[in-house]
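Predicted, not measured: the structure shown is a model, and the values here were computed from it. Just so we're on the same page: letters track the sequence lines, and every chain starts at 1.
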Protein chains: 2
Amino acid sequence: MTTITLKDVAERANVSIATVDRVLHERAGVSARARQRVKEAIHDLGFGQLPVRLTRAARGKLRFLFLMPGLETEFVRNLYDGLKKARTIVPDVEIQIEVQRVSLADGKGIIAALEHVGPDRFNGVGVFAVDAPGVRQAIDETVDRGVPVVTLVSDVPLSRRAHFVGIDNVAAGRTAGRLMGKFLRGVSGSIGLVTGNQHMRDHVERHMGFRQIIGMDYRGLKMLPPVEGESMDARNRSIVIDLMRDHGDLAGIYSIGAGNGGIITAIEEMQPARRPVVILHELTRQTRKALAAGAVDAIIVQDTGHMTRSIVRLLSSLAFSEEHHDDQEKIRIEIFLAENDL
Amino acid sequence: MTTITLKDVAERANVSIATVDRVLHERAGVSARARQRVKEAIHDLGFGQLPVRLTRAARGKLRFLFLMPGLETEFVRNLYDGLKKARTIVPDVEIQIEVQRVSLADGKGIIAALEHVGPDRFNGVGVFAVDAPGVRQAIDETVDRGVPVVTLVSDVPLSRRAHFVGIDNVAAGRTAGRLMGKFLRGVSGSIGLVTGNQHMRDHVERHMGFRQIIGMDYRGLKMLPPVEGESMDARNRSIVIDLMRDHGDLAGIYSIGAGNGGIITAIEEMQPARRPVVILHELTRQTRKALAAGAVDAIIVQDTGHMTRSIVRLLSSLAFSEEHHDDQEKIRIEIFLAENDL
DNA sequence: CTGAAAGCGCTTACAG
DNA sequence: CTGAAAGCGCTTACAG
């Protein structure tokens with residue numbers, strides 16, 4: 001592999017070496033035309049062939065846009081914090097991160113936000129996606145404009161996003177189902193299902209996975225119809241109170257979405273003779289505390305620190321057309337009991 | 001921060017710039033005396049102040065030594081494979097890894113191997129340690145000679161090793177205990193404990209953690225005295241056959257070490273009316289297969305890929321006196337069911 | 001906004 | 001094994 005020099009680029013672009021240098025370092029005082037010619041010349045000669053010290057300098061800054069849910073749960077806040085910390089995860093590159101909040105009720109917020117995203121403004125986009133009509137196309141158009149897209153937490157599998165950073169939610173639901181079955185070994189009774197809503201692909205998938213396992217292997221357990229609490233504490237609380245009132249044989253509760261504070265409170269208030277087995281998702285202050293206190297049996301987790309480091313690494317390697325380490329970027333479905341939540 | 005130049009180093013060392021260049025790139029044709037003077041000059045001026053492109057060049061190669069158990073279980077083989085893959089995890093640095101096998105029966109193998117380790121031969125050492133007499137001192141002397149040491153899987157906490165890459169094994173035992181208790185909700189019976197041997201700190205700690213939880217919270221479960229199988233399939237097989245013969249109420253088996261093939265085989269052969277709950281450690285071909293087949297209930301895992309990437313990153317940042325990302329290097333105690341082993 | 005030229009730092013080729 | 005010198009590539013300072 002031969003490294004190209006500023007001289008090569010200068011000759012091809014018909015400008016002086018000094019001008020090439022200015023463009024590569026994004027210094028002021030270059031006409032749009034000259035800048036354009038230099039960029040084309042570099043493109044023709046191959047960006048990756050530039051000497052490391054110069055590409056490092058040229059890299060200088062990367063700007064990433066993240067589209068995140070407007071509904072700010074603690075899980076989402078943990079993702080924000082993770083993104084902030086992850087800015088230093090790629091050596092020698094200064095990464096700027098802009099977070100924009102969009103409604104996940106339908107895809108309109110995402111579609112509108114992506115419309116204005118071009119390579120002039122961002123080197124990559126991370127999307128906490130909802131798989132609604134038009135979103136796939138908006139992602140593909142962003143990619144066509146030259147901005148790589150990586151989905152986060154919730155995928156749009158048929159789009160041309162470069163990667164998905166998150167867990168297999170069907171498998172996560174199956175994991176919850178298996179745990180529930182094993183914790184309720186030999187028990188007969190009903191299982192209450194509390195979900196966010198049916199727009200959210202991850203919730204639907206978890207529900208599906210859970211249903212598969214319980215239906216297949218645990219005939220003694222009857223699943224009640226899922227109730228939508230919109231991931232809100234207040235609604236979840238009253239849902240669980242109703243569940244416990246109406247079903248004397250309630251043996252377990254699987255909470256698919258957020259708003260787990262409401263679920264924990266409801267059980268505390270009702271003080272049932274035998275607490276139902278509770279399995280829920282994501283570590284937050286409340287769920288951790290409940291786990292430590294023995295008020296919850298297990299928590300299924302996707303590590304927000306890992307996910308945010310991963311998406312920043314992936315967007316960076318996409319921006320530089322570099323390889324990435326597949327093993328390292330795989331997000332695992334983790335199971336936490338009080339004893340391994342350190 | 002001012003970067004020092006070859007000229008600065010050359011003046012201080014009283015040699016020519018060309019000689020400094022040769023030393024920094026480890027090119028041949030430099031007298032030991034000149035090399036020594038240059039190294040001292042760089043040391044005085046501050047290694048970290050060298051320009052990046054030169055330190056990158058000077059970095060060129062890093063050589064790490066890994067002391068690994070002579071007994072080659074699949075877990076240990078997975079660590080080898082992980083080390084091989086991890087050689088490319090640090091950008092722009094060529095990493096050479098030498099693996100040396102030592103007996104873990106006592107500390108002698110480790111002590112002997114560390115004796116010959118100096119900064120001329122290695123830039124860092126990873127030790128799968130046994131906490132035996134003399135090992136702590138051997139590690140400290142290696143550190144004093146200027147070679148950073150990181151322990152892997154099994155720690156020597158009172159030594160001056162820079163980091164420990166592995167899990168908290170007491171917590172891992174507690175996690176196993178909690179799972180066992182929850183899987184045996186309301187059941188009375190005995191629990192069989194199969195361990196490797198009592199020299200291994202990690203085994204002792206897991207045992208301790210398991211005992212804490214069962215003793216505290218699950219009075220219906222009686223723990224039988226632990227039996228040492230030396231992590232060998234054959235011995236573990238006969239241990240489990242004896243356990244099942246002698247204890248009609250055997251409700252669970254916790255396997256603390258390796259040799260799990262023997263445990264799985266024994267249960268298959270005995271065909272008990274109700275299989276005891278089985279919890280064991282580490283994903284291998286055999287344990288995975290047994291998990292998928294439902295012959296095992298849960299596996300406690302420390303991710304060998306994560307651990308090996310972590311130790312290579314840590315040794316590299318120690319060699320370059322660079323910062324590391326603490327969050328990223330924390331090894332988690334993972335729980336695998338068939339459903340989240342993807 | 002641009003380039004010719006001087007400067008700086010590292011590398012290479014050669015002479016001893 | 002060593003250094004003086006030429007060379008290469010990037011950067012800076014200046015003139016227009």
Side-chain angles (χ1 to χ4, degrees), chain A residues 1-62 91-94 120 320 322, chain B residues 1-62 91-94 120 319-322:
Chain A
M1 92 139 215
T2 36
T3 8
I4 62 173
T5 64
L6 297 208
K7 204 174 153 219
D8 299 328
V9 178
E11 276 168 11
R12 186 167 189 111
N14 265 315
V15 295
S16 72
I17 293 175
T19 297
V20 176
D21 185 75
R22 287 182 189 109
V23 172
L24 279 173
H25 293 87
E26 296 184 330
R27 284 193 258 269
V30 184
S31 67
R33 200 157 150 275
R35 169 162 285 121
Q36 182 56 24
R37 286 228 223 109
V38 170
K39 288 202 167 167
E40 275 164 23
I42 290 174
H43 182 261
D44 295 346
L45 294 165
F47 180 84
Q49 249 91 292
L50 274 178
V52 175
R53 46 179 160 165
L54 251 200
T55 49
R56 293 266 178 225
R59 284 171 184 185
K61 280 176 230 158
L62 286 179
D92 302 318
V93 182
E94 187 193 327
D120 48 323
F320 298 139
E322 287 174 348
Chain B
M1 93 138 213
T2 36
T3 11
I4 62 173
T5 64
L6 296 206
K7 205 175 153 218
D8 300 328
V9 178
E11 277 168 10
R12 187 170 190 109
N14 267 314
V15 296
S16 72
I17 293 175
T19 297
V20 177
D21 185 75
R22 287 182 189 111
V23 172
L24 280 173
H25 292 88
E26 296 184 328
R27 284 194 258 270
V30 184
S31 66
R33 197 153 154 278
R35 169 162 286 120
Q36 182 55 25
R37 285 228 224 111
V38 169
K39 288 201 166 166
E40 275 166 20
I42 290 174
H43 183 261
D44 295 345
L45 294 164
F47 180 84
Q49 249 90 289
L50 274 180
V52 175
R53 46 179 158 165
L54 250 201
T55 49
R56 292 266 179 225
R59 284 172 185 185
K61 282 177 231 156
L62 286 179
D92 302 317
V93 183
E94 188 193 327
D120 48 323
F320 297 140
S321 314
E322 286 174 347

Whole-Å distance separating the [atom1] atom of [X] from the [atom2] atom of [N]:
| X | N | atom1 | atom2 | value |
| --- | --- | --- | --- | --- |
| B:D8 | C:dG9 | CG | P | 8 Å |
| B:K7 | C:dG9 | NZ | C1' | 10 Å |
| A:E11 | C:dG3 | CD | C1' | 14 Å |
| B:N14 | D:dG3 | CG | C1' | 13 Å |

- [ ] Please identify each residue that fulfils side-chain hydrogen bond (donor to acceptor under 3.5 Å, both in side chains) with B:S31, with sequence neighbours left out.
- [x]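 Checked B:S31 against side-chain hydrogen bond (donor to acceptor under 3.5 Å, both in side chains); zero matches.
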Task: Derivation of the side-chain contact (heavy atoms from CB on, under 4.5 Å) call for B:D8 and B:T5 - done: CA-CA 5 Å; B:D8 300 328; B:T5 64; 3.2 Å; yes
Open item on the list: Please tell me if A:T19 has a side-chain N or O lying less than 4.0 Å from either OP1 or OP2 of C:dC1.
Closed with: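 So the side-chain polar atoms of A:T19 never come under 4.0 Å of the phosphate oxygens OP1 or OP2 of C:dC1.
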Task: Closest approach of B:T19 to B:A34 (non-hydrogen atoms, all atoms of both residues) - done: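 Closest approach of B:T19 to B:A34, heavy atoms only: CG2-CB, 4.2 Å.
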Task: With B:R22 via salt bridge (Lys or Arg N to Asp or Glu O under 4.0 Å) - residues at least two apart - done: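 Once residues adjacent in sequence are excluded, B:R22 has no partner under the salt bridge (Lys or Arg N to Asp or Glu O under 4.0 Å) criterion.
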TODO: For A:R37, enumerate each residue passing the salt bridge (Lys or Arg N to Asp or Glu O under 4.0 Å) test, keeping only those at least two apart in sequence or located in another chain.
DONE: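 Residues passing salt bridge (Lys or Arg N to Asp or Glu O under 4.0 Å) with A:R37: none at all.
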Open item on the list: Both atom distances under 3.5 Å, Watson-Crick or G-U wobble: I'd like the secondary structure of DNA chain C as a dot-bracket string, with | for pairs made across strands.
Closed with: |||.||||||||.|||
Can you check nucleotides 4-8 of chain D for protein contacts, nitrogen or oxygen pairs under 3.5 Å, and list what you find?
none

Task: Closest-nucleotide 5' rank along DNA chain C - winner of A:V15 and B:I17 - done: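 Residue closer to the 5' terminus by nearest nucleotide: A:V15.
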